[in-house]
Amino acid sequence: MLRTKHVLSFTHKALFQQPRFLSFPSNAQLVLSTHSHNTHLREALLQMALCNHDIDFQGYNTLLIWCVGKRAFREGQRVHAHMIKTHYVPCLYLRTRLVLFYNKCDSLEHARRVFDEMPERNVVSWTAMISAYSQRGYASQASSLFVQMLRSGTEPNAFTFATVLPSCIGSFGFILGNQIHCLVIKLNYEANVYVGSSLLDMYAKDGKIHEARGIFECLPERDVVSCTAIISGYAQLGLDEEALELFRRLQGEGMQSNYVTYTSVLTALSGLAILDHGKQMHNHLLRSEVPSFVVLQNSLIDMYSKCGNLTYARRIFDTMHERTVISWNAMLVGYSKHGEGKEVLELFTLMREENKVKPDSVTVLAVLSGCSHGGLEDKGMDIFYDMTSGKISVQPVPKHYGCVVDLLGRAGRVEEAFEFIKKMPFEPSAAIWGSLLGACSVHSNVDIGEFVGHRLLEIEPENAGNYVILSNLYASAGRWEDVRSLRNLMLRKDVTKEPGRSWIELDQVLHTFHANDCSHPRREEVSAKVQELSVRFKEAGYVPDLSCVLHDVDEEQKEKIILSHSEKLALAFGLIATPEHATIRVIKNLRICVDCHNFAKYMSKIYGREVSLRDKNRFHRIVRGKCSCGDYW
DNA sequence: TTAGGGTTAG
C-alpha cells in the first residue's frame with residue numbers, strides 16, 4: 001500500500017507538476033508501462049492522466065500507443081471519450097491510431113466508425129482499415145475498400161498491396177488480383193519482398209504455380225515468408241515432390257525455416273505418404289529449435305495418419321498441451337479414413353466429455369464418414385439426428401446430408417438413402433445423386449440406379465463417370481442394348497473420361513495402368529487373376545467398398561468398359577496378388593489409399609492370412625510421373 | 001502509424 005501511495009505521488013508530480021523536467025507523454029508511457037501489470041494502479045494512473053483537460057497530440061498518442069500495446073479496450077475507449085468530451089479535434093494521424101487501436105482490440109465496428117468519420121484519409125489510414133478486414137477474413141470488404149481507395153485518388157504503397165492481395169481470392173478476387181498485379185508493376189513495387197510474397201501466394205492459390213514461381217525467382221531478395229509461400233503453394237496444389245525438391249534446394253541455399261515452413265513441408269510429406277521421410281522430418285524437428293506450435297503438431301498428426309501410422313498420430317495427439325478443433329478433426333479424420341469406426345466414436349465422445357473445444361462442421365463430417373467406412377451406420381444416423389435436433393450444436397450443411405447418403409448407400413440401404421434424399425431441405429446436388437448411383441451400382445439396384453443415373457445425365461451431361469457407372473449397372477443386369485445406347489450417347493455428345501493412371505513398382509520395374517488399358521504384356525494373366533479374385537470376394541461374402549468394385553462383366557465387354565482408378569489398382573494387385581506382395585503404397589490420392597486398405601482387408605480374408613498395408617518393408621512404392629518401363633506404352 | 005507465408009473436411 002505504502003509503495004502504491006509512493007508511486008502515485010511520484011506519478012502525479014511527474015505528470016502534472018514538473019512538466020518542464022519530465023514531459024507528460026514520456027512519463028505517462030513510463031509509468032503506465034512499468035506498472036501495467038497492476039490493474040488498480042493502472043486504473044489510477046489512467047484516471048490521473050485523463051484528469052488533465054489539456055491533453056495534447058503527444059499525450060493522446062502516447063496513451064493510445066500504450067492501449068494498443070496492451071490491447072486495453074476499455075482504457076482506449078476512455079481516451080477516445082476524453083477527446084470527444086474536451087472537444088479535441090484529432091488530426092489524421094491520431095484518427096488512424098484510433099482505427100489501429102480498435103482493430104487491435106477486435107472491435108471492427110468501432111474501427112470502421114472512426115474511419116468513416118475521418119474528414120480526410122491518407123494511404124496509412126486506408127491500409128489500416130483494409131488490413132482490419134483482411135486479417136479477419138472479410139475478403140470482399142477488404143478488396144472493395146481497396147477499390148474505393150483507388151477511386152478516392154489515394155495511391156497505394158507496398159504496405160497496401162501486401163495487405164490487400166491476400167484478400168484477392170475466389171473467381172472475382174483473382175481477376176482483381178491480376179489487375180492489382182499490373183498496378184504493382186506500374187508503381188514499381190515488384191521487388192518488394194512483402195508484395196512479392198502476397199502476389200505469388202495469390203497466384204498459387206489460383207492454381208497458377210508457374211506464375212507464382214516466376215515471381216519468386218525474380219525477387220531480388222528472399223526471406224522465410226516468401227520461401228514458405230512458394231513451398232506451400234506447391235504443397236497445396238498437391239505438387240508434393242516439387243514442394244520437397246524446392247525445400248531441399250532452398251535449405252541448401254541457406255534458407256531459414258520456421259514452424260510455418262515445416263508445416264507446409266509436412267503437408268507435402270502427407271501427400272506423398274512416405275512414412276520414413278515423415279519420421280525423419282519429425283526427428284529433425286525434435287532436435288531443432290523450432291517451437292512446437294499447435295499448427296505444426298496438427299500437421300504431424302495429419303502426416304502420420306496419412307502415412308498409415310495411426311499409433312504415432314495418436315501419440316502426438318495425446319501429448320499435446322493445447323488442442324484446437326483442427327487437432328481433434330485431424331485425428332478423427334485419420335481414424336475415419338482408415339475405417340476405424342470404433343475409435344472415431346470413442347474419440348468423439350472424449351471430445352464432447354472434455355468440452356474444451358467445440359465440434360465444428362468438419363468434426364461431424366469426419367465422424368459421419370468414420371461411421372460410414374466402419375460399418376456403423378446406425379451410430380452415424382444417431383449422430384446426424386443429434387445434429388439436426390440441436391443436441392450437437394453444429395449447423396447441418398449439404399455435405400453432412402451427402403455423408404448420410406453415402407453411409408446408407410454403402411450399407412446397402414439404397415431405398416432408405418433414396419427416401420432420405422427426397423426429404424432433404426435443399427435440392428440434391430450432383431455429388432449426392434452420384435453417391436447414390438455408386439451405391440446402386442455396388443448393390444445392383446437397377447431400378448433406383450436407372451432413375452438416378454438419368455437424373456445425373458440431365459444435371460451434368462458432360463460428366464463421363466455417370467455414363468460409365470450407369471452403363472456398368474446395365475451390364476450387371478445383362479441389359480446390353482442399354483449399355484450400347486449409352487455408349488453411343490457418349491460418342492454423340494463427345495464425352496470422354498479423362499484417363500487416370502496408376503503406378504505400381506514390382507521388382508524394380510514400374511508398371512502403369514490407365515483407363516481402357518490392354519497394353520500390358522501380362523494383361524491376360526492379370527485379367528485371369530482379377531476374375532479369380534472377383535469370384536473369391538463373392539465367396540468370402542464381401543460387399544466391396546464403393547470405390548473398389550470388381551465388375552463382373554464378360555471378356556468382350558471388359559474391353560469396352562472404362563475402368564475406374566481403383567479398378568486399375570485392382571489390376572495391379574492381380575498382377576502381384578500373393579499375400580506377401582499384396583501391400584501397396586499409394587501416392588497422392590488418399591481415397592485410393594483407403595481403397596487399398598480395404599483391398600488388403602479383403603485379401604486377408606481370402607487368403608486367411610493378414611495382409612497389412614502398414615508394414616513398410618513390404619511396401620511397393622508407386623512413383624508418380626517417372627515411368628521406367630516405357631515399353632509398355 | 002500501415003504489410004506477406006501455415007494445420008482438418010470437400
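Residue numbers start from 1 in every chain, and the chains themselves are labelled A, B, ... in the order their sequence lines are given, proteins ahead of strands.
- Residues satisfying the ring-ring contact (aromatic ring centres under 6.0 Å, His included) criterion with Y259(A), sequence neighbours excluded, are F293(A).
- Of the candidate nucleotides dT7(B), dT2(B), dG5(B), dT2(B) has the atom lying nearest to any side-chain atom of S131(A).
- F317(A) pairs by the ring-ring contact (aromatic ring centres under 6.0 Å, His included) definition with W328(A), not counting sequence neighbours.
- Taking every heavy atom of residues 318-332 of chain A and every atom of DNA chain B, pairs under 4.0 Å involve I326(A), N329(A), by number.
- A heavy atom closer than 4.0 Å to some atom of DNA chain B occurs in N157(A), A158(A), F159(A), these being the qualifying members of residues 150-161 of chain A.
- With rounding to whole Å, K104(A) atom NZ is found 13 Å from dA3(B) atom C1'.
- Contacts of residues 185-208 of chain A with DNA chain B (heavy atom under 4.0 Å): N192(A), V193(A), Y194(A), S197(A), S198(A), D201(A), K205(A).
- Closest to the V362(A) side chain, of the nucleotides dT1(B), dT8(B), dG5(B), is dT8(B).
- Of the N and O atoms on the side chains of N157(A) and T160(A), at least one donor lies less than 3.5 Å from an acceptor on the other residue.
- For dT8(B), neither phosphate oxygen OP1 nor OP2 lies less than 4.0 angstrom from any side-chain nitrogen or oxygen of K399(A).
- Considering only side-chain atoms of L100(A), the nucleotide from dT1(B), dG5(B), dA3(B) that sits closest is dT1(B).
- For DNA chain B, no neighbouring residue in residues 342-360 of chain A is found when judged by any heavy atom under 4.0 Å.
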